Structures are given as C-alpha cells and as structure tokens.
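Here's the structure, in structure tokens; my notes come after.
Quick caveat, the model's predicted, so the values are computed rather than measured.
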Amino acid sequence: MITKQEMQKAAEFIRKNVKADDFSFSVTGSEDLLTRFAQNGITQHITGDKLNVSLGVDFDTKNGQASGNNLDEASLKYLIKTAESMAKLNQPDPENMPSEGAHKLPDVNNYSQNTADLSVEKIVDDIKICVENAKKKNAKLSGISEKCLDHTMLTTKNGFEGFDNSATFSHSMTMKKEGVETKVSRSVKDHAKLDFPALINQLNTQFDSLSNPVQIEKGRIPVILRPAAVLNWLQYLIWTYDRRTADEGHTPFTDQIGKKFFGDKFTFRSSLDDPELNAAKFLNGGVPGENIDWIVNGVIKNMSATRYYAKQKNLKALRPYNVIVEGGDTSEAEMMKMVKRGVIINNFWYIRPIDRKIGEWTGLTRDGVLYFEDGKIQKSVTNFRWNEILHDATKRILAMGPSVQQEYYAKVPTLLINDFNFVDVTTF
Amino acid sequence: MDFLSLAMDTAKSLGADYADIRIQKSSTEMIYLRNLSLKNTSLNEIYGYGIRIFKNGAWGFAHNNVFTQDAVNNTVKKAFAIAKESGRVKYGDGLVLAHERGYIDSYKTPYCLDPFDVPLSEKVELMMEVNKTMLNYAEIKLAMFMLECRKDEKLFASTLGSRLDIHTVYIEPTFTATAVAEGDSQSRTFSHGGQAKGWEWVKSLNLMDKAEQVAEEAIMKVHAGSLGAEERRTLLLNPNHIALTMHESVGHPTELDRVLGWEADFAGISFATPEKLGNYQYGSKIVNFVANNTLEGGLATAGYDDDGVPNQKWYIIKDGILNEYGNTRATAPLIGLDMSRGCNRATNYFDFPINRIPNLYLEPGKDPLTPQELIADTKDGVYIEGRGSFSIDQHRVNFQFGGDMFWEIKNGKKTRPLKKILYKSNNPEFWNSVDAICDKRFFQTFGVTNCGKGQPGQRGRMTHGGALTRFRNIRVGGSQ
C-alpha cells in the first residue's frame with residue numbers, strides 16, 4: 001500500500017518537471033479485499049492494491065489530463081509528456097479555471113484501524129455464520145463482504161496540498177427461499193461498529209415477515225419507505241440536483257432556489273461533524289469540505305456547483321459528499337395506524353429518469369413488499385412499478401422515523417408517504 | 001522475464017487445480033465537450049495483471065501492477081491463499097470447470113486507422129464543429145459530445161497451456177442536442193453505442209449531417225405533443241432501440257450466472273430457468289436470437305474469452321423457443337454441460353471475469369420487407385427510435401421503456417412527432433407479440449459499452465442488432 005512519503009516524493013517530481021502554466025496532481029492508493037458469495041457458497045474472492053495517478057495541466061486555458069497506475073519516475077515523465085502534449089493540441093476552454101491555492105482543511109477522520117486490521121479469515125468466518133443462519137431456514141444466501149482502504153493526495157501548482165485516508169467495510173446479503181427474497185446491507189467506516197448479530201436479526205425478521213406474495217391492485221397507495229429505499233431514491237434525486245442545469249432550464253429546480261419546493265418535513269444536509277459518517281476533507285479539485293444545508297424544511301438552500309459555475313454565480317463549489325436526512329420519532333407501528341391501508345417497501349430497484357424537466361422517475365420495489373391495513377401487516381404482496389415525481393412525493397410525507405445509518409456516508413429515516421404512484425404490478 | 005510462465009509454474013508448484021494469468025494494458029481516451037467548453041480531455045492507461053487460482057472447487061483472484069519476479073510470485077501466493085479461504089464456504093460440493101484445452105493464438109480487431117494515432121486536435125476540431133452546428137439552432141441550449149476510444153492489449157496464459165495475445169479496440173462517439181422551449185427541455189442523441197472499428201468508421205458517419213438532424217429533431221420534440229392514457233397499441237421499434245430492449249429482456253435473463261442465482265444480491269436473477277430450455281415460448285415463431293462472439297465489429301469479439309475459451313456462435317432463442325444460455329467454464333457444468341460458450345469477461349486487469357452477455361442480435365426477417373413497407377402496413381401505431389428511459393425488474397420479467405424519438409403512425413404514414421412516450425410489457429408477452437421483422441438489407445448493429453454488472457461493478461461491452469421490428473398490442477401511453 002502506498003505511503004504518504006511516496007506520494008509526496010511523486011508530487012515533488014511533478015512540481016519540478018511540469019512545464020505547463022498550471023497543474024493539478026492526484027494520487028489514490030487503494031487496498032481491496034472483496035468476498036462474494038451466492039447460493040450459500042463463495043463464488044468470487046479478490047485481493048490486491050490499486051493505484052490511480054492523475055495529472056491535469058493547463059497551458060493558458062488549454063487543458064490536458066493523463067492518468068495511469070504507476071509512480072516510478074519513468075511513468076511520471078510519461079504522464080507529464082502525455083498531459084502536456086494533449087493540452088498543447090487542445091483548444092482553449094472558455095470555462096477553464098486555475099487550480100486551487102492553499103487552504104486550511106477541516107479536521108476530518110475517515111479512517112478506522114479496526115477496519116484496516118480486518119483479516120480475510122475473519123471476513124470468511126462472518127460469512128460462514130451468515131450462511132449457516134440461512135441454511136437453518138432452508139434458504140439460500142448471496143451477497144458480498146468488502147473491506148476497502150484508500151489513501152489520497154491532491155496537490156496543485158497554486159499551492160493546494162491535501163491528504164486523506166479512508167476506510168470502509170460493506171456487507172450485504174440477500175436471503176431467498178422459493179417466492180420469498182429479501183436483503184439487508186450496511187456499510188460503515190469502523191468495522192467494529194457493524195453489529196453483525198443485529199444485521200442477521202434484521203434479515204431474519206424481514207425474511208420471516210414475508211410469505212409467497214399475492215398481487216394487489218396498482219394505484220396511488222400510502223407507503224412506508226424503509227431507509228434503504230429512501231436512500232436509493234434520494235441518490236437519484238441528488239444526481240440531478242445541480243445549479244447550472246437548473247438555471248439552464250433542464251430540471252424542475254429552475255427558478256426555485258430559495259423557495260419551498262420540497263415538502264415541509266424534508267431537510268437534507270451534508271456534515272463534517274458526524275463521527276460515524278465519512279466526509280469530504282476536500283472535493284472538486286481542492287475546495288475544502290464544509291457543513292452545508294441543501295434543503296431545509298422544503299426550501300432549496302444550496303445546489304451542487306462546479307468551481308467554474310460557483311465563481312460565475314457566487315456559489316459554494318460543493319456537492320453532497322454525505323447524506324443526512326433529518327428524521328422524526330414516529331415508529332413503523334405508529335405509521336401503520338396513521339393511514340387506513342398501505343405497503344411497506346424494503347427497497348427500490350432500477351430507478352431511471354422518465355422526464356428530467358418534470359423530475360419524474362420510474363423504478364420498481366424489491367426485497368419484499370408488505371401490505372398493511374387497520375394498523376397491522378396483512379400479507380406479502382408482489383412488487384410494483386412506480387412512476388413518481390420525487391420532489392412532489394416529499395410534499396406527501398406524513399411521518400418520519402429516526403434517521404439511522406444506512407451506509408458509511410448516509411443517515412436517513414423511514415418515511416410514511418401518502419399516495420405513492422404505483423402504475424403496474426409485477427408477477428412475483 | 002516471462003511472467004506468464006513464471007506465474008503458471010508457481011501456481012502449479014503450489015498445487016493449483018487450475019490457474020490463469022491475464023496481463024492487460026487498457027488505454028482510454030475521453031473527450032467531453034459541453035457546449036463549447038472542453039470538460040474532459042484525458043488519456044488513462046492502466047497496466048497490470050490478474051491471477052486466478054482454482055483450488056478444491058473454489059476461486060481466488062489477486063491483482064498487481066508491479067512486474068518483478070517477487071511480485072508475480074507473491075500475487076500467485078495471495079490468490080492461492082484466498083482460494084483456500086473460499087473453500088471454507090464452498091459452493092455446493094465445489095465448483096467444477098467445463099472441459100477445455102489450451103490454445104496458442106492471437107486476435108486483433110480489424111481496423112485501418114488506429115483511433116489512438118489520430119491527433120487529439122483533429123478529434124477536438126470535429127467535435128467542436130458538431131457542437132457548433134447544433135448550437136446554431138436558437139432553441140438548442142445545450143450541445144454535448146462525448147468521444148471515447150479504448151484499446152485493450154492482453155496476454156493470457158493458463159495451466160492448460162494456453163498462450164493468447166489479444167488486441168481489441170473500440171470507438172464510441174455520442175452527441176446530444178437539448179432544446180428548451182415552452183417550459184420544457186427535450187433531447188435527441190446520436191449514438192451507435194460503440195463499435196470495434198477503426199477511425200475510418202467515424203469518418204464514414206457524416207457527423208455534420210447527423211448533428212443537423214439531431215438538433216432539428218430535438219426542436220421538433222420539444223414542441224411535440226404526447227399521447228394520452230395508456231392503451232394497447234402497435235409499436236415499430238428501430239434497431240438502435242431494440243438493441244437496448246434485447247439487452248435487458250433477453251441478454252441478461254439468459255446469462256447463466258443470473259439463472260443460477262449468482263447475482264441474486266445485486267443485479268438480480270432470471271425467470272428463464274433451466275427447465276424452460278427447449279420448451280419455453282420466449283417469442284413468436286419468427287423470433288430468433290443469435291449469440292455471436294465472432295461478429296466482426298462486435299464489442300465482445302476478441303477471439304477468446306477470459307477463460308481462454310474460443311469465441312462461438314449459437315442460438316439463444318430458436319424459432320421463438322428458449323434454446324441455450326451464455327455461460328462460462330464455471331457455470332456451464334452446473335446445468336450438465338461439458339463445454340463453455342465462452343462468455344467470461346473482465347473489464348480491467350484487476351477485475352475478476354464474470355458471465356457476460358455475448359454479442360446478441362435478432363435475426364432479420366426471412367421474407368423481403370422494407371421499413372417503408374412495414375410502416376405502410378401499419379394502420380395505427382407508434383414508431384420509436386433510439387434509447388431513452390429503461391427499467392426492468394430483477395427477475396427480468398416486467399419492464400418499462402421510453403425512447404429517444406417518437407412518431408405517430410396513422411394509416412400507414414408517420415403523421416407527427418411525439419414526446420414523453422412510455423411502453424410497458426413483460427416476458428414472454430413482448431417478444432411473442434412480434435409479427436414482422438424487416439429483412440437483412442436493413443439489419444444494423446449497435447453497441448453497449450456501459451453494461452453495469454458485478455460486485456465490484458464492472459463496465460461490460462457487447463454488440464446487439466436487428467432490423468425494424470413490429471410489436472402488436474403493447475401498452476403504450478404518455479408519461480405524466
């Protein structure tokens with residue numbers, strides 16, 4: 001695994017040898033261990049270190065970028081030659097930006113020694129426990145366990161220098177028996193904070209609550225979206241949550257900045273201060289990470305922006321580096337009593353845009369759907385397709401559960417949303 | 001140093017039941033132009049090797065980018081060690097590999113002009129001209145052009161004695177014009193989805209004409225009307241469009257690893273289970289899907305797959321009946337097959353090869369039929385070109401597709417452009433509703449270079465094809 005000293009030595013070489021007017025140089029070294037299992041057995045097992053070395057140079061406003069996976073001098077010389085040749089052959093970019101200068105960076109700890117120390121034997125031991133649990137239910141288990149360590153450096157001609165180390169551990173598993181299939185997944189910074197027995201228990205609870213599903217009518221139905229589903233759709237919404245495309249008229253957010261565009265109950269931010277979530281020390285080519293409100297009580301406060309566009313419009317050149325959706329205190333049992341009938345959704349699948357201007361998306365449910373009526377779960381039902389304007393759906397939030405950690409970068413609540421637009425039913 | 005031999009000798013000495021090494025250099029040039037601003041002009045080159053060890057019915061895979069004797073030996077040892085760990089949670093009684101022999105061979109994508117030999121300035125100039133052409137139209141507010149050129153140079157060796165030298169290239173030019181008017185924003189895209197061809201192919205495309213067409217149709221689309229509520233209608237789907245529908249509703253469900261449940265946690269499984277082989281009416285009698293990894297210009301055409309199995313041609317669906325899967329040396333034996341069809345492919349040196357969709361196409365109709373005749377023969381329907389919104393469930397049964405351009409057909413004529421059209425269907429309804437396919441004169445191929453699958457995710461590529469095809473009685477309507 002690459003060390004900070006090796007990265008600094010490479011940066012020094014770049015600094016001495018680049019002839020271009022400006023440069024930005026980054027190195028990311030990764031150490032991965034990934035174990036994939038299916039049908040109760042390991043099918044794939046990967047280990048190795050990866051390196052990404054990237055150099056962007058500018059001659060005036062002409063840019064060229066080259067990247068590779070070696071740090072020796074010959075490779076760095078080749079990188080410089082390639083990037084500089086490309087820049088010289090390129091045309092001027094009217095939106096070219098000088099590289100970032102020196103900044104004081106926030107104190108963020110994205111690393112965990114517990115995760116770094118995790119051995120392949122321990123990972124396989126844990127998978128074995130999960131598989132044995134599935135076997136007791138005569139079910140088949142499929143999933144992954146992955147440990148990933150990253151060391152990153154970014155330096156620029158104008159004096160920016162930033163380093164970051166991060167660690168993540170992810171575990172997911174799908175348990176299937178005949179018509180019943182359900183999944184749980186979690187990723188964390190610190191492996192020691194992942195409660196395996198609780199995750200297995202959650203899987204078993206979901207699995208036991210499901211039975212061979214029956215079909216019910218499509219239509220506008222109240223839904224209880226569990227955190228995995230909430231995060232899944234929110235990630236797609238974030239994809240289009242960009243200030244420039246809004247200003248240019250391509251998304252529903254045009255002329256909505258500062259206005260109440262989402263539902264009152266919807267608040268979404270990125271934060272450096274949550275010790276359980278990984279956060280950005282720096283991003284967008286050297287912009288320091290900072291706490292940022294994206295949407296507060298439905299009002300659009302900030303949107304993603306590139307450095308160029310941020311400068312033009314006097315904005316923050318940030319993007320959502322982690323996802324914190326404010327929650328409430330309503331339990332799932334209480335939510336079921338708040339509407340006459342509805343469905344509980346574990347997750348969504350294959351979300352795609354239908355109409356970017358309107359903000360309409362499509363997707364399906366996955367990992368088990370439960371029908372409830374009169375405050376009680378009645379039966380498992382088959383999956384649905386939905387076509388929904390997601391920002392409108394936030395206006396129909398009736399209640400929220402506590403915000404809980406779903407991934408190493410996200411805390412989201414369970415949401416009760418009225419009249420979710422299911423347009424089709426599936427056969428399973 | 002012959003690292004291929006070193007790795008295989010070390011693997012054998014450790015007691016591997018099978019091993020292979022893939023030394024791979026991948027070069028990717030990307031140029032991205034947004035309006036007239038170059039957002040990305042980059043060349044990425046990664047070089048390294050991945051070693052697979054098969055021991056007691058389980059896999060271990062390790063990768064490295066350091067080319068020394070010690071590094072290669074250590075990488076083999078790492079792969080061997082984790083293969084043994086895999087064996088602690090074995091798949092059934094352990095995997096078995098389909099029979100194969102060793103080959104000494106080479107393959108090179110046929111092309112005249114290496115896209116990496118074409119100066120960057122020439123490419124950027126062309127892209128600028130295309131974008132300027134699109135931006136000449138007042139209502140076009142956004143013009144984007146993405147050009148990707150990729151080259152993979154692979155050396156493969158296995159303990160079966162194979163020594164393969166494989167060199168593949170593809171080019172993918174894609175540009176989009178977005179019109180903004182009447183409170184709406186609508187796009188039209190030119191894309192062939194990538195072809196394994198040289199730069200001479202790009203020169204033959206008449207991109208300036210295409211730029212005008214794309215801009216004009218984007219404007220037409222932003223001012224177009226839509227359809228009302230969903231109704232059962234006739235669909236005419238052009239080859240670029242059905243390239244995507246076949247990818248999602250035929251290609252993925254017939255990957256044997258999905259059928260076996262290996263993708264259950266992520267990409268999903270398949271309804272097309274083995275008891276349906278030879279008897280399941282997947283499509284109407286005129287529907288024949290051919291897997292062909294020997295197809296010239298095909299993105300999956302490489303001589304051999306990453307199991308070292310030769311590229312082949314076979315029927316996935318024959319006369320409408322599910323005939324066979326795409327499989328690998330590890331998946332084929334699980335349904336009783338002796339040999340693999342050679343569909344195991346990895347994207348980069350550090351990726352573990354996975355069961356991939358082959359080049360797959362719908363055979364053209366046997367009787368002479370032109371697109372004009374097919375439109376003239378359609379009383380009431382919707383004609384869809386290109387790719388738009390697409391979404392399919394994790395069993396690959398129920399799906400909803402949009403498109404890139406839509407036309408209403410009335411009494412045998414294209415009468416008006418439409419926008420915001422969606423159709424919903426499922427397997428086996430969709431392919432069984434095919435009642436006409438234009439003949440081989442109108443057969444075209446289109447690539448897919450962004451097929452996301454696997455954990456960690458890999459970006460796979462393959463080619464699809466067909467001719468204009470008619471589907472009857474499909475649920476079609478306007479979106480919200």
Open item on the list: Test salt bridge (Lys or Arg N to Asp or Glu O under 4.0 Å) on B/Lys78 and A/Glu31; report intermediate values, then the result.
Closed with: CA-CA 13 Å; B/Lys78 272 174 139 182; A/Glu31 181 187 326; over 6 Å; no

TODO: Sort B/Phe67 into side chain, backbone, both or neither according to what part of it lies under 4.5 angstrom from a heavy atom of chain A.
DONE: neither

TODO: Against chain A, work out which of B/Ala81, B/Ala58, B/Ala267 has the most heavy-atom pairs shorter than 4.5 Å and name it.
DONE: B/Ala267

Open item on the list: Between A/Lys50 and B/His63, is the side chain to side chain contact (heavy atoms under 4.5 Å, CB included) condition met? List the steps.
Closed with: CA-CA 8 Å; A/Lys50 279 190 270 190; B/His63 56 81; 3.6 Å; yes

Task: Side chain proximity check, A/Val423 to B/Glu230, heavy atoms < 4.5 angstrom - done: no

Open item on the list: What I'd like to find out is whether the side chain of B/His395 reaches to under 4.5 Å of the side chain of A/Asn383, using heavy atoms alone.
Closed with: no

- [ ] Using a 4.5 Å cut-off on heavy atoms from C-beta on, say whether the side chain of B/Lys420 contacts that of A/Ile358.
- [x] yes

TODO: Report yes if the side chains of A/Asn69 and B/Phe350 come closer than 4.5 Å at any heavy-atom pair, otherwise no.
DONE: no

Open item on the list: For B/Glu29, which atoms come within 4.5 Å of any heavy atom of chain A: side chain, backbone, both, or neither?
Closed with: side chain

Open item on the list: Report which part of B/Lys39 has an atom under 4.5 Å of a heavy atom belonging to chain A: side chain, backbone, both, or neither.
Closed with: both

- [ ] Among B/Val66, B/Thr75, B/Val180, single out the residue with the greatest number of heavy-atom pairs under 4.5 Å to chain A.
- [x] B/Val180

Open item on the list: Parallel, tilted or perpendicular, judged at 30° and 60°: which one describes the rings of B/Phe390 and A/Tyr350?
Closed with: perpendicular

TODO: Enter the distance from A/His250:NE2 to B/Leu142:CG here, rounded to the nearest 0.5 Å.
DONE: 4.5 Å

- [ ] Measure distances from B/Ala264 to the heavy atoms of chain A and classify the residue's part below 4.5 Å as side chain, backbone, both or neither.
- [x] both

Task: CA sep, side-chain torsions, deciding dist, call: B/Gln394, A/Glu181, side chain to side chain contact (heavy atoms under 4.5 Å, CB included) - done: CA-CA 11 Å; B/Gln394 77 273 19; A/Glu181 62 180 299; 4.1 Å; yes

TODO: Go through the atoms of A/Val124 and report whether side chain, backbone, both or neither lie under 4.5 Å from a heavy atom of chain B.
DONE: both

Open item on the list: Are there over 12 heavy-atom neighbours, none belonging to B/Lys453, within less than 6.0 Å of that residue's NZ?
Closed with: yes

Open item on the list: What verdict does the side chain to side chain contact (heavy atoms under 4.5 Å, CB included) test give for B/Leu38 and A/Asn90, after you've listed the backbone C-alpha separation in whole Å, the side-chain angles of each residue and the deciding distance to 0.1 Å?
Closed with: CA-CA 9 Å; B/Leu38 283 151; A/Asn90 214 341; 2.9 Å; yes

Open item on the list: I'd like to know which of B/Val397, B/Asp393, B/Asn426 tops the heavy-atom pair count under 4.5 Å against chain A.
Closed with: B/Asp393

Open item on the list: So, applying side-chain hydrogen bond (donor to acceptor under 3.5 Å, both in side chains) with B/Ser86, which one of A/His45, A/Gln44, A/Arg36 is it?
Closed with: A/His45

Task: Between A/Ser172, A/Pro94, A/Ala66, the one whose heavy-atom pairs under 4.5 Å with chain B are most numerous - done: A/Ser172

Task: Under 4.5 Å from any heavy atom of chain B - which part of A/Phe37 - done: neither

Task: Closest non-hydrogen atom pair, B/Phe352 against A/Ile46 - done: CB-CD1, 3.8 Å

TODO: Heavy atoms only: give me the nearest B/Gly261-A/Gln39 pair and the separation to one decimal.
DONE: O-NE2, 3.5 Å

TODO: Go through A/Ser54, A/Gly48, A/Gly363 and name the one with the most non-hydrogen pairs under 4.5 angstrom from chain B.
DONE: A/Gly48

Task: Toward chain B, the part of A/Leu34 with a non-hydrogen atom under 4.5 Å - done: side chain

TODO: Could you tell me the separation between the CE atom of A/Met86 and the OG atom of B/Ser42, rounded to the nearest 0.5 Å?
DONE: 6.0 Å

Task: chain A contact via B/Leu260 - which portion, at a heavy-atom distance below 4.5 Å - done: backbone

TODO: Look at A/Thr43, A/Asp367, A/Asp49, A/Val120 and state which one has the largest set of heavy-atom pairs under 4.5 Å with chain B.
DONE: A/Thr43

Task: Inter-residue atom distance A/Leu51.CG - B/Asn65.CG, 0.5 Å rounding - done: 6.0 Å

Task: Spacing of A/Ile354 atom CD1 and B/Ile421 atom CD1 [to the nearest 0.5 Å] - done: 12.0 Å

- [ ] Using a cut-off of under 4.5 Å on heavy-atom pairs, state which of A/Thr426, A/Ile351, A/Thr427 scores highest against chain B.
- [x] A/Thr426

- [ ] Using a strict 4.0 Å threshold on nitrogen-to-oxygen distance, state whether B/Glu85 and A/Lys128 make a salt bridge.
- [x] no

- [ ] Over all heavy atoms of both residues, which pair between A/Arg352 and B/Ser389 is shortest? Give the atoms and the distance, please.
- [x] CB-OG, 4.1 Å

Open item on the list: Closer than 3.5 angstrom, by distance alone: can the side chain of A/Arg385 be matched with the main-chain N or O of B/Ser391 as a donor-acceptor pair?
Closed with: yes

TODO: Among the options A/Gly56, A/Pro353, A/Ala38, A/Ser67, pick out the one with the most heavy-atom pairs lying under 4.5 Å from chain B.
DONE: A/Ser67

Open item on the list: side chain to side chain donor-acceptor pair (under 3.5 Å) for A/Ser142 and B/Asp265? Distances and angles first, verdict last.
Closed with: CA-CA 5 Å; A/Ser142 306; B/Asp265 187 58; over 6 Å; no

- [ ] Against chain A, label B/Asn40 side chain, backbone, both or neither, depending on which of its atoms sit under 4.5 Å from a heavy atom there.
- [x] both

Task: Validation row: A/Asp424, B/Gln400 side chains within 4.5 angstrom (heavy atoms) - done: no

- [ ] Name the region of B/Met30, side chain, backbone, both or neither, that has any atom closer than 4.5 Å to a heavy atom of chain A.
- [x] neither

TODO: Select one option (side chain, backbone, both, neither) describing which atoms of A/Thr82 are under 4.5 Å from chain B's heavy atoms.
DONE: side chain

Task: Residue selection (most heavy-atom pairs with chain A, distance under 4.5 Å) from B/Gln455, B/Lys90, B/Glu45 - done: B/Gln455

Task: 4.5 Å side-chain heavy-atom contact, B/Gln186 and A/Lys357 - done: no

TODO: Rounded to the nearest 0.5 Å, what's the gap from CG on B/Asn64 to OG1 on A/Thr47? Could you check?
DONE: 10.0 Å

Open item on the list: Given 3.5 Å as the limit, does a donor-acceptor pair link the side chain of B/Thr41 with the main chain of A/Gly64, or not?
Closed with: no

TODO: Answer with side chain, backbone, both or neither: which region of A/Thr365 has an atom nearer than 4.5 Å to a non-hydrogen atom of chain B?
DONE: backbone

- [ ] Please lay out, stage by stage, how A/Glu95 and B/Asn35 fare under the test side chain to side chain contact (heavy atoms under 4.5 Å, CB included).
- [x] CA-CA 11 Å; A/Glu95 298 183 4; B/Asn35 285 347; 5.9 Å; no

Task: Residue part contacting chain A, namely of B/Ile31, when any heavy atom lies under 4.5 Å - done: neither

TODO: Pick one of side chain, backbone, both or neither for B/Arg52, based on which atoms fall under 4.5 Å of a heavy atom in chain A.
DONE: neither

Open item on the list: Under a 4.5 Å cutoff for heavy-atom pairs, which residue among B/Trp59, B/Phe266, B/Phe271, B/Phe399 has the most contacts with chain A?
Closed with: B/Phe266

Task: Largest heavy-atom contact set with chain A, pairs under 4.5 Å, which of B/Arg475, B/Lys141, B/Glu125 - done: B/Arg475

TODO: With the side chain counted from C-beta on, respond yes when A/Asp32 and B/Pro456 share a heavy-atom pair under 4.5 Å apart, and no when they do not.
DONE: no

Task: Under 3.5 Å donor-acceptor, A/Asp93 side chain and B/Ser37 backbone - done: no

